[in-house]
*Asks:* 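The structure follows.
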Amino acid sequence: MNLERLTGQDALARAAHLVRIYRSAFGEPPWCEDGRAADAFAERLTTDVRRPGFTAVLAHDHGEPAGFGTAWRTRSPFPVGRSYDLVRAALGDAVETRLVGALEVDELAVSPHARGQGLAGRILDLLRDGDDACWLLTAPRAVDAIRLYERLGWRRLTAPEAGIVVFATTGSAGAGCREAAGPTRSSRVVPVPVQGRGDALGVRGDLDRAERLPEG
């Protein structure tokens, strides 16, 4: 398994690989996304690569695209729109001290053929590149993703009744985040083998996915 860090321009050049992985990773439960979601991701990518601090990781397994992750710095003041509003609703003004300035993981995806090898953790580790101030969000129904982040030592910041799940690493930005975060997913961390769909994930899974998770 080969992993490489990508700049924004690199990510655009490899967009077809990223979209291919996205389709395979998020086309099954609990996400059940269709081709339109993958097209929307491809469109978002053209804007996301211009965000300050954007970075990406692409994994290949014997030449076959196997997984990827994207991340960038959370700007100040804390953004609005996408799922940022849900994060603020869950954490309140603490987002300004806990999350602003930290690396936020937007996407983490592993293709079905590459799961069960700890690849998600390896992608997160390379995305972080030694950064100990990171955060991400996912949906409550993404049980496999939540278990992975917990096994990797990420600390859950949101209450059980919240409609989203926010995780942070040990050194998240600001004193509040350091208190809330546990030892070091995504921004997402050390490679840990996971079984089944454990590393099939969508990290915070993009900031929109928590809102799109189907009911029932």
Side-chain angles (χ1 to χ4, degrees), residues 22 25-26 29-33 36-37 40-41 43-45 47-48 50-54 69-109 124 127-128 131-150 152-189 201-216:
Y22 186 105
F26 296 122
W31 311 115
C32 301
E33 296 189 359
R36 291 173 297 180
F41 162 69
E43 183 176 353
R44 286 197 308 276
L45 186 65
T47 299
D48 289 342
R50 296 195 294 270
R51 295 176 182 269
F54 175 89
T70 59
W72 54 75
R73 291 280 164 196
T74 303
R75 68 177 186 270
S76 178
F78 193 74
V80 297
R82 298 181 76 169
S83 288
Y84 289 115
D85 295 338
L86 296 177
V87 176
R88 181 178 284 277
L91 299 180
D93 291 342
V95 296
E96 300 294 344
T97 54
R98 292 184 170 187
L99 306 182
V100 165
L103 186 72
E104 58 179 276
V105 177
D106 183 60
E107 295 286 0
L108 176 63
L124 287 176
L127 268 180
R128 291 180 63 197
D131 197 324
D132 62 355
C134 312
W135 71 280
L136 62 91
L137 75 80
T138 192
R141 293 187 184 181
V143 177
D144 289 328
I146 291 171
R147 288 174 178 166
L148 172 66
Y149 307 144
E150 291 175 342
L152 293 177
W154 290 63
R155 176 73 176 270
R156 184 169 179 162
L157 302 184
T158 44
E161 63 272 15
I164 58 172
V165 182
V166 178
F167 281 93
T169 55
T170 305
S172 297
C177 207
R178 285 193 294 272
E179 293 169 1
T184 297
R185 155 206 161 336
S186 240
S187 328
R188 297 169 236 156
V189 188
L201 317 168
V203 135
R204 279 190 352 194
D206 95 76
L207 281 168
D208 301 309
R209 184 168 296 110
E211 294 177 308
R212 296 198 303 267
L213 191 63
E215 297 295 331

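Just so you know, residue 1 is the first one in the sequence shown, and it goes up from there.
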*Asks:* So which heavy atom on Ala109 is nearest to which on Phe26, and how close?
*Replies:*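 Nearest pair, atom of Ala109 first, then Phe26: CB-CE1, 3.7 Å.
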*Asks:* Measuring from Thr158:OG1 to Leu86:CG, what's the distance to the nearest 0.5 Å?
*Replies:*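 These two atoms lie 11.0 Å from each other.
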*Asks:* Could you grab the distance from atom CG of Leu103 to atom CG of Leu127, nearest 0.5 Å is fine?
*Replies:*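 Output value for this atom pair is 7.0 Å.
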*Asks:* Run the salt-bridge test on Arg51 and Glu104 with the 4.0 Å N-O cut-off and return the result as yes or no.
*Replies:*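 So Arg51 does not pair with Glu104 through a salt bridge.
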*Asks:* Who are the side chain to side chain donor-acceptor pair (under 3.5 Å) partners of Arg50, not counting sequence neighbours?
*Replies:*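 In terms of side chain to side chain donor-acceptor pair (under 3.5 Å), with neighbours along the sequence ignored, Arg50 is linked to no residue.
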*Asks:* For Thr138 and Ala145, work out which heavy atoms get closest and say how close.
*Replies:*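 Here Thr138 and Ala145 meet closest at OG1-CB, 4.1 Å.
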*Asks:* Taking side chain as C-beta onward, heavy atoms only, is Arg156 less than 4.5 Å from Tyr149?
*Replies:*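 The answer is no; the side chains never approach within 4.5 Å.
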*Asks:* Could you tell me if the side chain of Pro79 sits less than 4.5 Å from the side chain of Thr74, heavy atoms only?
*Replies:*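 SC-SC contact between Thr74 and Pro79 confirmed.
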*Asks:* Measure the shortest side-chain to side-chain distance between Val100 and Arg75 over non-hydrogen atoms and say whether it is less than 4.5 angstrom.
*Replies:*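 No - every pair of side-chain heavy atoms lies 4.5 Å or more apart.
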*Asks:* Please find the pair of heavy atoms, one from Ala142 and one from Pro30, that lie closest to each other, and give the distance.
*Replies:*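 For Ala142 versus Pro30, the nearest heavy atoms are CA-CG, 4.0 Å.
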*Asks:* Could you tell me the separation between the CZ atom of Phe54 and the OG1 atom of Thr47, rounded to the nearest 0.5 Å?
*Replies:*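 Rounded to the nearest 0.5 Å, the CZ-OG1 separation comes to 11.0 Å.
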*Asks:* Quick one: CH2 on Trp72 to CG on Asp48, what's the gap to the nearest 0.5 Å?
*Replies:*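 Trp72 CH2 to Asp48 CG: 3.5 Å, rounded to 0.5 Å.
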*Asks:* When you compare the side chain of Glu33 with that of Phe41, does any pair of heavy atoms fall below 4.5 Å?
*Replies:*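 Counting from C-beta outward, Phe41 and Glu33 never come under 4.5 Å.
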*Asks:* Testing the basics here: between Cys134 and Asp131, what is the closest heavy-atom pair and its distance to 0.1 Å?
*Replies:*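 Residues Cys134 and Asp131, closest heavy atoms: SG-O, 3.4 Å.
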*Asks:* Heavy atoms, side chains only, cut-off 4.5 Å: are Trp135 and Val87 in contact?
*Replies:*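 Yes; the side chains approach each other to less than 4.5 Å.
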*Asks:* Over all heavy atoms of both residues, which pair between Ile146 and Val165 is shortest? Give the atoms and the distance, please.
*Replies:*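 Scanning both residues, the minimum pair turns out to be CD1-CG2, 3.9 Å.
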*Asks:* Using the side chain to side chain contact (heavy atoms under 4.5 Å, CB included) criterion, which residues pair with Arg88? Sequence neighbours excluded.
*Replies:*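 Here the qualifying residues are Phe78, Asp93, Val95, Glu96.
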*Asks:* Which heavy-atom pair separates Ala162 from Pro140 by the least distance, and what is that distance?
*Replies:*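 It is O-CG, 3.9 Å.
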